[in-house]
*Asks:* 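Before anything else, here's the structure in question.
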4 protein chains.
Amino acid sequence: MMNTDALPPENTPKGETEEIKTHRPWQRKKEIRPQEILAAALDVFVEQGFSATKVAEVARRAGVQPGTIYVYFENKEALFKAVIHAAMSPVLSYSNEFLDNYTGTPEKLLYELTHQWWNLMESESCAGIPKLITAEANNFPELTQFYIDQVLVHAKRIVERVLQYGIDRNQFFIEDMDVTARIIMMSLHEMTVYAHSFSNFDKMKIDMPVYLDTLAAFLYKGLSSQKGRSPEV
Amino acid sequence: MMNTDALPPENTPKGETEEIKTHRPWQRKKEIRPQEILAAALDVFVEQGFSATKVAEVARRAGVQPGTIYVYFENKEALFKAVIHAAMSPVLSYSNEFLDNYTGTPEKLLYELTHQWWNLMESESCAGIPKLITAEANNFPELTQFYIDQVLVHAKRIVERVLQYGIDRNQFFIEDMDVTARIIMMSLHEMTVYAHSFSNFDKMKIDMPVYLDTLAAFLYKGLSSQKGRSPEV
Amino acid sequence: MMNTDALPPENTPKGETEEIKTHRPWQRKKEIRPQEILAAALDVFVEQGFSATKVAEVARRAGVQPGTIYVYFENKEALFKAVIHAAMSPVLSYSNEFLDNYTGTPEKLLYELTHQWWNLMESESCAGIPKLITAEANNFPELTQFYIDQVLVHAKRIVERVLQYGIDRNQFFIEDMDVTARIIMMSLHEMTVYAHSFSNFDKMKIDMPVYLDTLAAFLYKGLSSQKGRSPEV
Amino acid sequence: MMNTDALPPENTPKGETEEIKTHRPWQRKKEIRPQEILAAALDVFVEQGFSATKVAEVARRAGVQPGTIYVYFENKEALFKAVIHAAMSPVLSYSNEFLDNYTGTPEKLLYELTHQWWNLMESESCAGIPKLITAEANNFPELTQFYIDQVLVHAKRIVERVLQYGIDRNQFFIEDMDVTARIIMMSLHEMTVYAHSFSNFDKMKIDMPVYLDTLAAFLYKGLSSQKGRSPEV
DNA sequence: CATGAATGAGCTTTCATTCAT
DNA sequence: TATGAATGAAAGCTCATTCAT
């Protein structure tokens with residue numbers, strides 16, 4: 001059977017593991033400190049949004065003084081952008097390698113698609129990014145453009161490859177590839193947005209494994225049905 | 001044929017229309033003023049989020065002075081909550097009447113569902129609410145709870161009725177009603193969130209009629225397929 | 001005899017005297033408040049310089065809260081520039097009218113020049129400006145350029161007219177008009193700079209009437225001497 | 001002819017030159033480092049004033065790290081005072097020796113006075129001090145007092161000796177020695193203040209040799225004229 | 001009811017200073 | 001001695017809110 005987590009294996013983020021063991025501990029901190037700040041900032045930004053986030057709160061969670069933030073980031077906005085970029089990098093580096101080598105059924109591929117997307121998003125720092133970008137899209141157009149180009153378009157292309165895989169094997173029957181890919185990509189995206197906005201609320205709590213299975217099954221049925229071809233027959 | 005706009009017919013919102021024809025213009029203003037403030041505030045809140053919104057900016061767009069806002073609303077947060085409630089009322093008053101009387105095919109009902117949701121959301125003031133709630137969910141838990149109870153649960157129930165309609169007519173084959181309804185409700189919800197976050201960006205612009213048609217068709221195929229029933233047969 | 005204060009008679013600054021007596025006191029304040037802030041700011045800026053001046057201190061002396069400053073001025077720098085411009089206006093409006101109508105001796109004219117300069121500078125808000133500009137010249141080049149164009153060049157031209165008056169009457173003998181005018185203008189300027197930097201210190205305290213008389217007399221002797229013409233005779 | 005630069009011959013400043021030739025380069029640095037900091041600090045203080053000067057900027061120009069400044073100076077204010085004192089030392093050590101031995105004409109002595117003052121001020125590190133003290137006089141009273149006592153009073157005494165030299169030779173005719181000396185001292189002082197505040201601006205650029213010659217000639221005429229003695233004769 | 005100048009608490013940001021190395 | 005990352009007090013500035021009119 002397939003490894004559900006196989007897709008993003010190269011995601012060893014930032015590679016500080018091979019950092020130079022210099023004699024001065026504060027020099028090692030210099031490299032780690034920004035990472036701690038970014039991690040804390042990501043949490044607070046996702047929780048509260050850009051404007052509601054206080055730099056002092058980020059500092060508190062990062063275990064530093066407010067002034068320290070400004071040693072590494074020019075201002076709050078620069079911190080925000082750095083947070084987004086840093087958190088997105090796992091997604092950016094997500095390769096198509098898995099698809100290149102995939103030889104299973106289209107149905108299983110849909111399972112892979114949904115589960116891997118979820119695992120990628122939730123297991124990495126990027127978990128809260130979709131919600132954050134959604135919330136701040138109008139306030140940070142360039143950042144949103146970057147997100148669209150790098151994440152959404154990228155995700156849509158992966159979906160398109162998956163669809164093409166099924167079409168090539170005569171299992172998927174799709175009239176409008178572009179819109180269909182968009183629909184599926186958006187439903188994946190939606191999951192992560194929801195997860196960070198509503199999953200704290202009882203009525204919205206989702207049993208993720210079940211949800212993912214059901215979604216994959218539903219997508220499979222929608223894609224493999226030939227009904228769309230001759231509705232009036 | 002069906003009237004696509006038929007579903008929310010009782011939505012004559014606010015009903016002050018009858019008493020507008022008073023003799024004194026400043027008295028008329030007295031009642032309209034808060035509506036203008038709410039409308040302006042909704043725009044700004046949706047555009048920028050709660051924290052980034054300045055009361056002075058709301059006042060400017062409403063054509064009043066900042067102090068005037070505080071004649072009608074205790075503070076910014078109260079204004080925000082009033083905005084959400086006011087904007088949500090069209091959805092809250094959305095009744096099941098249409099479904100009670102519906103007699104067409106389940107496939108057509110899916111078209112109705114998607115188009116009416118879109119028309120309801122976009123034609124009314126509530127257009128930006130899903131995005132706004134999504135963004136501020138963590139900052140305003142009670143408001144989010146209210147939204148979940150009144151909008152999301154409500155929407156899910158409508159979806160469930162639609163699904164049941166198809167099941168009853170032996171056209172829809174659904175294993176997990178709850179999760180399936182959730183998936184469909186979320187994909188509807190997502191549309192409106194997307195529309196207000198990313199539709200200003202070229203690559204995300206969507207041809208809505210085509211999208212809605214394709215989505216309805218896709219849902220129909222997914223729901224009417226019997227494959228899910230016996231995958232191992 | 002002549003009135004020593006005759007030169008700048010039109011210096012009724014800003015003309016708030018004819019302000020509209022509206023019924024609302026705070027509306028009257030709106031016009032006066034910035035003046036109070038400018039006056040307080042001028043004092044503090046002259047005393048301490050731009051960087052050392054705290055906005056809160058200006059507010060305190062103006063009898064307002066810090067935030068009020070920002071109702072009228074975009075930021076500290078804008079306040080500074082407004083202060084300079086406002087304080088300079090008496091000098092800018094200083095006309096040549098007195099010179100146009102002057103008919104006395106060149107010697108007396110030198111007395112007028114020195115005394116009127118001093119009276120103009122010290123009796124008006126502009127007293128501390130020369131010192132302030134001198135101190136901040138490198139930090140505010142545009143402002144300094146403005147000062148040079150409007151004040152120093154203006155002052156030099158007046159000196160030149162005074163010199164020409166004496167030359168025309170065969171009483172002043174000047175080889176290099178430009179440099180001589182510069183020397184005299186600078187000695188006038190220096191007085192006001194000194195007055196605001198060192199006059200608080202005992203050893204630098206000057207008996208101004210005596211100083212001005214002596215300076216005028218010294219200038220007269222220097223200008224009326226013919227020695228320079230034939231040093232090698 | 002006279003040597004224009006003759007007056008301050010003992011100005012071999014600092015005298016550490018003899019001990020520089022030590023064997024270990026880092027030991028040499030140890031002694032030079034503070035000088036480099038002082039030199040850099042003087043530049044920045046003169047350019048920007050005390051408050052606007054950042055310690056980090058001084059460090060940058062001195063080619064050291066901010067912390068290094070505090071190895072040699074207790075704080076910014078101590079650095080400032082050290083800068084002033086160090087920069088003033090050439091003036092402080094300026095002796096009257098030249099005057100003791102002078103035997104030329106009083107007229108030539110005026111030329112010497114103006115040119116030597118200028119050369120002393122501009123050729124040494126003290127060039128920007130007068131402007132700096134003028135700007136910060138109110139913020140550093142003790143320093144200003146020191147400057148007044150050591151520089152201004154000193155300079156005035158030299159001027160007085162020059163005037164006395166002319167009086168003794170029946171060439172200068174002075175009514176009020178004190179005020180006249182003050183006027184001349186101030187006009188010398190003014191030159192250096194001007195030079196550092198306005199000389200960067202086109203309209204204020206001065207041809208120094210011409211200016212100095214003209215000033216000396218003007219002073220001579222003013223001092224040698226007998227008019228002041230009996231204006232009513 | 002409507003105003004809008006004034007407020008002042010609280011935020012972002014700066015930067016002189018420290019101290020472990 | 002020299003470092004330079006970290007500090008944290010203090011400054012500039014914002015803006016929700018008030019209140020005299």
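Predicted model only: the values in this text are computed from it and were never measured. So you know, we letter chains A, B, ... as the sequences are listed, proteins then strands, and number each from 1.
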*Asks:* Figure out the CD/C1' separation between C:Gln48 and F:dA11, and round it to whole Å.
*Replies:* 14 Å
*Asks:* Examine C:Phe140 together with C:Phe50 and report whether their ring centres are nearer than 6.0 Å.
*Replies:*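 Yes, close enough.
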*Asks:* Between D:Val55 and A:Val55, who's closer to the 5' end of DNA chain E by nearest nucleotide?
*Replies:*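 Its nearest nucleotide lies further toward 5', so the answer is A:Val55.
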*Asks:* Is the distance from OP1 or OP2 of E:dA5 to the nearest side-chain N or O of C:Arg33 less than 4.0 Å?
*Replies:*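 Indeed not, no polar side-chain atom of C:Arg33 lies that close.
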*Asks:* Assuming nearest nucleotide by heavy-atom distance, tell me which of C:Val64 and D:Ser51 is located more 5' along DNA chain E.
*Replies:*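 Its nearest nucleotide lies further toward 5', so the answer is C:Val64.
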*Asks:* Would you kindly give the CD-to-P distance between A:Glu74 and E:dC15, to the nearest whole Å?
*Replies:*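 Interatomic distance, CD of A:Glu74 to P of E:dC15: 13 Å.
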*Asks:* How long is the line joining NZ of B:Lys54 and P of F:dC15, in whole Å?
*Replies:*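 It is 4 Å, rounded to the nearest whole Å.
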*Asks:* Do the side chains of B:Ile37 and B:Phe73 get nearer than 4.5 Å, heavy atoms only?
*Replies:*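 Of all side-chain heavy-atom pairs linking B:Ile37 with B:Phe73, at least one is under 4.5 Å.
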*Asks:* Between B:Lys76 (NZ) and F:dT14 (C1'), how many Å, whole number?
*Replies:*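 After rounding, the gap between these two atoms is 11 Å.
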*Asks:* Measuring only between side-chain heavy atoms, which start at C-beta, is B:Phe80 closer than 4.5 Å to B:Leu132?
*Replies:*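 Contact flag for B:Phe80/B:Leu132 side chains = yes.
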*Asks:* Is any side-chain N or O of C:Gln65 closer than 4.0 Å to OP1 or OP2 of E:dG8?
*Replies:* yes
*Asks:* Show me the dot-bracket string of DNA chain E, counting Watson-Crick or G-U pairs under 3.5 Å, with | for pairs to another strand and [ ] for crossing ones.
*Replies:* .||||||||||||||||||||
*Asks:* Hey, is the side chain of C:Tyr70 poking within less than 4.0 Å of OP1 or OP2 on F:dT14, counting only N and O atoms?
*Replies:*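 No, outside the criterion.
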*Asks:* Can you work out whether C:Gly67 or A:Thr68 has the more 5'-proximal nearest nucleotide on DNA chain F?
*Replies:*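 It is A:Thr68, whose closest nucleotide lies nearer the 5' terminus.
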*Asks:* In whole Å, what is the span from the CZ atom of C:Arg60 to the P atom of E:dT7?
*Replies:* 15 Å
*Asks:* Please work out if C:Val71 contacts a base, only the sugar-phosphate, or nothing of the nucleic acid, heavy-atom cut-off 4.0 Å.
*Replies:*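 C:Val71: base contact, heavy atoms under 4.0 Å.
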*Asks:* Could you check how far CD1 of D:Ile69 sits from C1' of E:dT18, rounded to whole Å?
*Replies:*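 Rounding to the nearest Å, CD1 of D:Ile69 and C1' of E:dT18 are 14 Å apart.
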*Asks:* Starting at atom CG of A:Leu79, determine the distance to atom P of E:dT13, rounded to an integer number of angstrom.
*Replies:*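 Distance check: A:Leu79 CG to E:dT13 P gives 10 Å.
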*Asks:* Quick one: does D:Leu42's side chain get under 4.5 Å of D:Ile129's, heavy atoms only?
*Replies:*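 With C-beta onward as the side chain, the pair touches.
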*Asks:* Any Lys/Arg nitrogen of A:Arg61 or A:Glu47 sitting under 4.0 Å from an Asp/Glu carboxylate oxygen of the other?
*Replies:*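 Judged by the 4.0 Å cut-off on N to carboxylate O distance, A:Arg61 and A:Glu47 do form a salt bridge.
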*Asks:* Quick one: are B:Leu38 and B:Tyr72 in side-chain contact, heavy atoms under 4.5 Å?
*Replies:*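 Heavy-atom side-chain distance check fails, nothing below 4.5 Å.
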*Asks:* Do the non-hydrogen side-chain atoms of D:Gln48 and D:Lys54 ever get within less than 4.5 Å of each other?
*Replies:*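 Contact flag for D:Gln48/D:Lys54 side chains = no.
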*Asks:* D:Tyr72 OH to E:dA16 P: how many Å, rounded?
*Replies:* 20 Å
